[in-house]
Amino acid sequence: MAQCFRFQCDSCGHAIEAWDDGNPYYRDEAGKKHYAYHPSTERELCIGNDTPQLCLSCGAKFKSDSLAPAKNCRKCKSADFVQTGDLDGRNCPYCGKGIFRRDADFFAIS
Ligand SMILES: [Zn+2]
Ligand SMILES: [Zn+2]
């Protein structure tokens, strides 16, 4: 089961939604990457996970492959980034003033 969280900046109101299980993927015989989302039966074939990241320096969103994790932001090269599911209490890169807080009223399940 996958859960979706929502984090919102307490200053500018910028909101980010995050699924707790990322983007599990498997490769076919040709080596092509396919994503398998809940409740797909291909989930059992998954060998890695592309987890969404948010850069705390420039605010760019990018994916980090669990088998080849990103070390830097794809855009600004900063090493200061977190998984979007881990944003609670982090500084907002969009306004530079606020802190991301988990929105307790928001809850979704796939
Ligand atoms: Zn903000
Ligand atoms: Zn960046």
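We count ligands from 1, going down the list as the structure has it; atoms in each ligand are counted the same way.
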Test item: side-chain donor near acceptor, Asp21 and Tyr37, under 3.5 Å: no

Closest approach of Leu54 to Phe100 (non-hydrogen atoms, all atoms of both residues): CD2-CE1, 4.1 Å

Distance filter under 2.8 Å, centred on the Zn ion (ligand 1) - protein N, O or S atoms that pass it: Cys9 SG, Cys12 SG, Cys92 SG, Cys95 SG

Cys58 atom SG and Cys55 atom SG as seen from the Zn ion (ligand 2), angle to 10 degrees: 110°

Heavy-atom closest contact (Gln8 atom, Gly13 atom, distance): NE2-O, 3.0 Å

Salt-bridge contact Asp103-Arg6 (side-chain N to carboxylate O under 4.0 Å): yes

Geometric class of the Tyr25/Tyr35 ring pair [parallel <30°, tilted 30-60°, perpendicular >60°]: perpendicular

Path from Ile99 to Leu56 over hydrophobic side-chain contacts below 4.5 Å: no

